[in-house]
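In what follows, a structure is listed as structure tokens, so that the remarks can point back to it.
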Amino acid sequence: MSRVRLQNVSKTFGTTTAVKELNLTIREGEFFTFLGPSGCGKTTTLRMIAGFYYPAEGRIWFDNRDVTEVPPQKRNTGMVFQNYALFPHMTVHENVAFGLEVRKISKKEIRERVKKALEQVRLAGYSDRRIAQLSGGQQQRVALARSLVIRPGILLLDEPLSNLDARLRDEMRSEILSLQRSLGITTIYVTHDQTEALSMSDRIAVFNQGVCQQVGTPEEVYNAPRNAFVASFVGETNLFPATVAQVSGETVTVQSKDHTFRIRHKQEESGFSVEPGNRLFLTIRPEGVDLVPEAGENTLSAKMELVQFMGTSFHCAARLEDGTPLKAMFVNRPDLMGRLREGDRVIFRFPEDRLRLIPGGDDRA
Amino acid sequence: MLNRLLKRGWDWFQTDRVFTWVLLLPVVAVLFSYVFYPEFRTLVESVWVNGTFSLKNYRLFFNPESLANLEALWNSVYISILSVFLSALIGVPLAFIFNRYEFPGRRFFASAAIMPIVLPSLVGVMSFLFLYGESGLVTRSIQDLFGLEEPPFKLSGVSGILLVHAYTMYVYFYMTVSSAVRGLNPALEEAATNLGAGSWTVFRRVTLPLLTPALVAASLLVFMTSMASFSAPFLLAGGFRVLSLQIYFSKINGNLDMAATQSVILSVISISFLLLMRWYQGRRDYRMMEKGVGTHRREVRNPWVKWPLVATGVFGVIILLLPHATLFLLSLVPEGTWTYQTYPTTFSFENYILLMKDPTIWEPVRNSLLMATVATAGNFLFGIFASYVLVKRRFRGKNLLDILVMLPWALPATVVAMNMILAFNVPTPFTFGHVLVGTFWILPLAYFIRHIPLVVRSTNAALEQLDDSLEEAARNLGARWTTTFRRVILPVIMPGIMAGTLLAFVTAVGEFVSSVMLYTIDNRPISIEIMNQLRMFNLGQAAAYAVYQIILIAGVLWISQRFFGVKAQNTL
Ligand SMILES: Nc1ncnc2c1ncn2[C@@H]1O[C@H](COP(=O)(O)OP(=O)(O)O)[C@@H](O)[C@H]1O
Ligand SMILES: [Mg+2]
């Protein structure tokens, strides 16, 4: 199992910069996810780690070995491709055995290891099947077995579930996770699906336009987004431009939408300090919003436009007096019955411990 | 220390960029020596008169006083244009009828319609002469039937050439349009109908625009083939001049300067068409061509339409297969048994037996097989590497390399042969200091050059199907490039390569045009021997050789289709 370190890595294709000045350390045995919208450079980064692209600048380290220019076949990484890339002219067994054969491992050992790998992915008994005779989920498992059987230092997965239907996706998600946990293998997982990222990862790196925006545990990324992009890409959120009015210790007062809000702001947690006059974003997750009977501190009045009852919760879309949309979510409780009606005027409260400040309001305010 | 350095060096060697160049080097070397350099020599020959640069030859060509060359150029062009129209006139309706309607015998007719492609060019023309020439079987039958004094018609001149061209080249239209019609999503036409368009409007506004790429491609193909056509004018033209034939005559008369000039002019036309075609296919929108669309054929119920359709089909197939049948029939006529009689009377397998027994009759077959084998082995190896770098590697100048690969396909065989004569009649480094003209090796080399595009293209098609991630997966699992290539890439693309290579092989066996320009007594191939037998009026033996070639080609096409899953239209 290896630790992976990317040091100031950049990659350009012609004039487009796919990855820019990336610094990352992936710890031994960790389940690490690259999350970001399509085209943000996740695959490019993964392929640099696998050795299919060489960085234009920067170095890549596996433990203390500089692998920046090492050809892919000498990196001992196991990669699962988005389309699986199973060899169509070989059987399941031959596919899984391929990596062992090129390592010149004895026939007997190959047979044992392939058998074990196929058992691990619950495909024992399928070894003589042709690839074309397998379903999508089974092909996925063969691809997984093929990359695990070589005992790679790092497992690389590029959107492995995107070709599966919704049900299989859930099933494979937990299967991959339990395999990873039991083997303790360093894993890098690429996805654009935030649910996958949040539910599987030890840590997540959020990418946008070739730049890594934030690295952190799922809770950190969700609860303490570093910037507006992370806040809106990971989960749903409300973002309002705001101006700092007053700072006293951890309590900050900001002006937004002609209202004044009080917020708890910890510099060590968010990574930046605020001063009066700063322009920034005020953000609150839909589930942080409260419904109150009358106006008070940190409250706003709004008109309820759409209420969707989802069973466990109500998803509401409202509009503030100045026309700004607001999303709110309430867990289903008996006291809410009949209180959420479309077209009603309601008063929302933003609790000060649920509000967060995010830098970067300058360009929007 | 040294070990470390060596290992560094090896790693560097294996980096992608360097490795691309390592693969590229032999490919570029071959193309430069055998494609570019000969063409360049011809150009030099045409402008280098008595040791100085001069355009004298070109002035001679375009001399308004002696119109021979200009006339030949004009004839070539208008024959080609007419060939395009005639071929389209036959091929396009057939493609529609066989792909849109269901009627008894449709599948049989549809496959019979591609039968002209199993006839090598010389053999095709020969069979037409046997049928419709002055003393052809059909000509004589009609003469007898109506008791005419004179033969009612004879196959010769422009009409003869056009007839042969239409017969052999409509297949291009038939195949390209058929595959376009099959790729056309019927929902599009249904959508237009649903929106209220009448059937003529649907055809004009929806179907035709979608078929335009296929029609343009086929037209260009027929035009080029027809410009290059040699066998038909060679046997039928009489005094009629076409450019490809003029080159041959200039060469025979020892006027190499003029032959070079004519070659350059024909090259310019062909290369322009090649570039035009590449440009057109580049801008062609493939998105409309959906895969796996189920075309539903309309069943023809009305008996007044159905049976005439079937009758026309049967009649058409008879006409189409008449040349094949005639060749087979005549191949059974022993030498000297058909002299003054109207029709042959004696039939036996003597010609085939002689083929196996008589060494002088067997020798041309052996020569052809040997030379085709050598050439095709070269094509196989070269095709794999050239195609791999072209499809899977990125480098500067790729477009140029691609054009160079396609050049021997675009250039008429006469020109390719002329280029070789002018390049290799002196010792060159590319021929290891030997003169090739007049030796055994000139023909295998010519066959090799001629078939570079065919093998590379069919291999390209197979490689383009191969997802890049397959190669990456193998390398990720620890395989070196050589292992990856041997165990993953090669097995997957083998069917495509084999199909192209086999086709190159049979075409080389039947190759006439470059053979007639380059052969020597020692390496006389089948096609030359067919000509000799024709000159000696031994039609039976000539036909037996022809049948032998047809069986070889048909066999290969069948194998490709059956075992390599390659559709006949992909081989064009
Ligand atoms: N081989 C390539 N050639 C040119 N551009 C590329 C190549 N691979 C990726 N790119 C570009 O780099 C950017 C990042 O792509 P990628 O890493 O594939 O994104 P994703 O996050 O969706 O995996 C995109 O703008 C893409 O167009
Ligand atoms: Mg991607």
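Predicted model, so just to flag it, every value in this text is computed and none were measured.
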Whether A:H89 side chain and B:R487 backbone form a donor-acceptor pair below 3.5 Å:
yes
So, the part of A:L86 with a heavy atom under 4.5 Å from chain B: the answer is backbone
Around [X], counting heavy atoms of other residues, nucleotides and ligands shown, do more than 12 lie under 6.0 Å from its [atom1]?
X      : atom1 : result
A:K20  : NZ    : no
A:D165 : CG    : yes
B:K398 : NZ    : yes
A:Q133 : CD    : yes
B:L275 : CG    : yes
B:F485 : CZ    : yes

So CZ of A:F87 and OG1 of B:T484: to nearest 0.5 Å the spacing works out to 7.5 Å
Value for CG (B:L477) from CD (A:E101), rounded to nearest 0.5 Å, stands at 11.0 Å
Nearest heavy-atom contact between A:P88 and B:L470 is CD-CD2, 3.6 Å
For A:N83 and B:S469, the nearest pair of non-hydrogen atoms, with its separation, is OD1-OG, 3.2 Å
| field | Between B:N476 and A:S147: side-chain donor-acceptor atoms closer than 3.5 Å | value | no
Please check if any side-chain donor atom of B:R475 sits under 3.5 Å from a side-chain acceptor atom of A:Q73, or the reverse.
yes
Checked A:R75, A:Q82, A:R146 vs chain B; the most non-hydrogen pairs under 4.5 Å come from A:R146
The interface call for B:D467 against chain A, heavy-atom contacts under 4.5 Å, is side chain
